[in-house]
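Have a look at the structure below before the remarks.
Not measured: the values here are computed from a predicted model.
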Amino acid sequence: MFENYKVYETTLAGRPLKLETGKMAQLANASVLASYGETQVLCNVTASAKPREGVDFFPLSVDYEEKMYSVGRIPGSFQRRESRPSEKAILTSRCIDRPIRPLFPKDMRNDCSVVATVMSVDPDCSPEIAAMIGVSAAIAISDIPWDGPISGVKVGLVDGEIVINPTLEQRKVTQMDVTVASTGDLVAMIEAGANEIPDDLMFEAIMKAHEVNKEVVAFINKIVAEIGKEKMSFESSDPDPVIFEEIENFCIEDVKKALDTDDKLVRDAALLPIYAAVHEKYDEQFENNEAKLDEIMYLIQKHVVRNWLKNEKKRVDGRGIDEIRPLNAQIDLLDRVHGSGMFTRGQTQVLSIATLAPVSEAQKLDGIDEEVEKRYIHHYNFPSYSVGETKPSRGPGRREIGHGALAERSLIPVLPSVDEFPYAIRVVSEVLSSNGSTSQGSVCGSTLALMAAGVPIKAPVAGISCGLITGDDGVYGDYMTMIDIQGLEDFYGDMDFKVAGTKNGITSIQMDLKVHGLTPEIIKEAFAKTNKARNYILDEIMLPVISEPRAELSKYAPKMLTTLINPEKIGDVIGKQGKTIQKLQEMCNCTINIEDDGRVFVSALDIDKAQAAIGMVETIANGPEIGAIYKGVVTRIMSFGAFVEIVPGVEGLVHISKLDVKRTENVTDVVSVGDEIIVKVLELDDQDRLNLSRRDALVEIEGAVVEDNAEAPDRNRGDRRKSRGNFKR
């Protein structure tokens, strides 16, 4: 039945890697079940037979699907089925998309769909890597035109050693989490998070990953040689060279004049009449395909910008090749938020706002990996007005989610631990104006916002991007790199190499390419330029505005205190049906959260109330301190004394003889139920009963004088024992 079924096996980082084809999804252009250890991902690729009409780009979609059955769980949603992809799945889709997209023909307009479905997960073997390799093999053996294959691996740093595809236990302690994709000879994609790793060590890790990738690419190429299909032909979207040359000659001088400005609005306005003139002259010639004219105009602008950069070392805004745009940093722009910072680079402007909250407000995650919550959340918003457009807001897309995750990854290494700073933290980066490198503007603005909010980060983080222009010979020929690319240089260039870090080292990398890959020399050059630039941004722009995190939080931020109690006492603090903890929260106008390990987090706007709540929790868990004075509430009155609750759930007796400094005949002469009184803890007797004294508290606090014969007879001692027999502290 499965006469075309084939299995190919090798090893990757000491674990078995198996690619199967010919059994499943036989109607797809190609299907591969990639197994890495016990992780299994089904990778399918399909392409339409005809091009999509009216598009000026290659319509590729990449979807990485997480199935909860892969980890033996039922989805937590109301419908109990997978719904929209998780943020992790979206980021993995982008990671697979970025290295494979440049390898498709640039003039192809046939729809192409890539779907990687995670069906089984071995925690020691990354499904993201299995998916990337499986997708690569599927496209390579299909009839879809493609210049692959690629391979991808993860790199960790454990105990000072570079580790390829770290296991679950190694991932818990790794100092870097780097994904590297490669073709047979070039590095095609880098996605990294790291704990301030030096450039040279990061470069070494990337090169080690590249060497492993080349072995996997060779393995896939052997499969292609055996069962690869003949690539299908397609209708090229490239314009007729004669017509292209005619239109270029008609408008190129005007295009050069329009592009030669550092103001995006001026440039866009200057291009409008040129587009109108081209359409007026050539629309009839392109009847029913006027969009082709816009594609030709794009190619003309691309030719102008690339020629300026490559041959004339000229940038559209007049800067030098290694010159950064004008920079500005500000803090405290919004009055009532917990922290705000705005970073402006040329016409790119990002306002970041930090919000602090109890740890209980950390984001809960329902995915297929081991991460169940996020204490630090970074959201990135890119409204249409930031580029002068009028589109309605439809929620974050993949790009917004990706940029938010990149900023989040950049800042996590410098955040204090939950024990050092017991808060959940959310930062929102609002892009106010965009002309390139908004993600790195988010990193800088968010550092400012966190420091302004009083978050004790270990070091400030800055980010910058490096661009690339290649010649006819590609990356092996005459190329040039430039720092701080703006939108036009990103749009028409070959690379957006983003690096964020502190003065000590790298915290994140994201490399986007339009070429097949990079040589080691280009990567080294990008590291050198971004290192110099980010140190300049930190020293000259950001630190003069705020040199270190503020010592105090905003008055509008919750004040958080924490303590540790015996886990066996958690039930006492919570109380029956939660009544004790509810009363504590009401009394102190605070929020109390207790972890299973006995950590208690108290959040309140008033620090005094937070401290009072902590004191009460410790009293409940550890017992009242003998000799300490408390303010309590009278809960019951007996003939022999009054019962006083010194904290919720902890009650003791003030004997009639200890009620006042003068002789007391009747308890009700001194106190009533509901009265607040001060009491001193005398003892915890041999029957675990708490004895209190108002008289001793008055003497100690107010200097009251005890009258002679103030001791009252201990009447009704039998009744007292009876009434207190069931009392528990």
Side-chain angles (χ1 to χ4, degrees), residues 87 90-95 97-98 177-179 189-194 264 324-325 327 329 341-354 376-384 386-387 396-414 426-450 460-468 482-491 493 495-502 506-514 526-527 529-531 533-534 537-538 541-542:
E87 187 173 291
I90 290 172
L91 297 175
T92 303
S93 297
R94 285 169 56 86
C95 259
D97 184 303
R98 297 213 310 271
D177 179 14
V178 185
T179 304
M189 192 275 297
I190 305 170
E191 184 82 20
K264 183 178 183 292
I324 301 175
R325 286 172 286 175
L327 304 174
M342 188 168 73
F343 189 80
T344 305
R345 180 187 283 125
Q347 288 184 306
T348 291
Q349 188 174 67
V350 183
L351 174 63
S352 290
I353 300 96
Y376 177 64
I377 309 161
H378 197 121
H379 291 152
Y380 166 102
N381 295 319
F382 191 87
S384 59
S386 67
V387 288
R398 288 191 173 194
R399 179 180 180 276
E400 286 87 346
I401 290 172
H403 280 12
L406 178 60
E408 184 175 287
R409 193 181 311 119
S410 304
L411 291 160
I412 283 176
V414 301
R426 179 181 185 237
V427 173
V428 179
S429 292
E430 305 283 2
V431 178
L432 306 182
S433 178
S434 172
N435 190 18
S437 201
T438 55
S439 65
Q440 300 310 286
S442 299
V443 172
C444 299
S446 300
T447 294
L448 296 170
L450 289 168
V461 181
I464 193 74
S465 62
C466 180
L468 170 73
M482 61 280 194
I483 201 67
D484 184 26
I485 56 174
Q486 61 168 297
L488 209 62
E489 294 165 337
D490 182 12
F491 195 51
M495 176 181 81
D496 184 5
F497 197 118
K498 311 178 189 80
V499 182
T502 67
I506 293 170
T507 58
S508 76
I509 302 173
Q510 188 176 90
M511 186 180 81
D512 291 325
L513 295 178
K514 297 188 182 77
F527 275 161
K529 289 191 174 184
T530 53
N531 185 304
R534 75 172 186 264
I537 294 170
L538 287 169
I541 307 301
M542 294 172 61

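The nearest pair of heavy atoms linking Phe343 to Ala329 is CD1-CB, 4.3 Å. Looking at every heavy atom in both residues, Cys466 comes nearest to Met495 through O-CE, 3.5 Å. Contact between Arg94 and Gly402 at its shortest, heavy atoms only, is NE-CA, 3.7 Å. Listed here is the closest heavy atom pair of Ala533 and Ile483: CB-CG1, 3.8 Å. Here the closest non-hydrogen pair linking Gly397 and Glu400 is N-OE1, 3.0 Å. Taking all atoms of both residues into account, the shortest heavy-atom contact from Thr438 to Ser433 is CG2-O, 4.4 Å.
Here Leu513 contributes atom CG and Phe497 contributes atom CZ; the two are 8.5 Å apart, rounded to the nearest 0.5 Å. Rounded to the nearest 0.5 Å, atoms CG (Leu468) and CG (Asp490) are 11.5 Å apart. Arg534 CZ to Thr507 OG1: the interatomic distance, rounded to the nearest 0.5 Å, is 7.5 Å. To the nearest 0.5 Å, the span separating CG on Leu448 from CG on Leu351 amounts to 10.5 Å. Atom CG of Asp97 and atom CD1 of Ile90 lie 13.0 Å apart (nearest 0.5 Å). Atom CE of Met542 sits about 10.5 Å away from atom CG of Leu327, to the nearest 0.5 Å.
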Inset, instruction - Determine, step by step, whether Ile537 and Arg345 satisfy the side-chain contact (heavy atoms from CB on, under 4.5 Å) criterion, reporting the C-alpha distance in whole Å, the side-chain angles of both residues, the deciding distance to 0.1 Å, and the verdict. - result: CA-CA 10 Å; Ile537 294 170; Arg345 180 187 283 125; 3.5 Å; yes

Legend entry - Trace of the side-chain contact (heavy atoms from CB on, under 4.5 Å) decision for Leu406 with Gln440: CA-CA 9 Å; Leu406 178 60; Gln440 300 310 286; 3.5 Å; yes

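Side-chain atoms of Ser352 and Ser429 form a donor-acceptor pair, as typed in the model, at a separation below 3.5 Å. Checking Ser434 against Ser386 by side-chain atom types alone, no donor-acceptor pair falls below 3.5 Å.
A donor-acceptor contact shorter than 3.5 Å links the side chain of Asp484 to the backbone of Arg325. In terms of modelled atom types and a separation under 3.5 Å, the side chain of Lys529 and the main chain of Gly467 share no donor-acceptor contact. Between the side chain of Thr530 and the backbone N or O of Phe527 there is at least one donor-acceptor pair closer than 3.5 Å. Side chain of Ser439 to backbone of His403: no donor-acceptor contact under 3.5 angstrom is found. With Thr348 contributing its side chain and Asn435 its backbone, the two residues share a donor-acceptor pair below 3.5 Å.
For Arg399, the salt bridge (charged side-chain N to carboxylate O under 4.0 Å, His left out) test picks out no residue, with sequence neighbours left out.
Ile509 has its side chain out of reach of Val178: every pair of non-hydrogen atoms, C-beta onward, lies at least 4.5 Å apart. For the pair Arg398 and Ser93, the minimum side-chain heavy-atom distance is below 4.5 Å.
The aromatic rings of Phe382 and Tyr380 lie parallel to each other, with less than 30° between the two planes, well short of the 60° mark.
Under the 4.0 Å criterion applied to side-chain N and carboxylate O atoms, Arg98 and Glu191 are assigned as salt-bridge partners.
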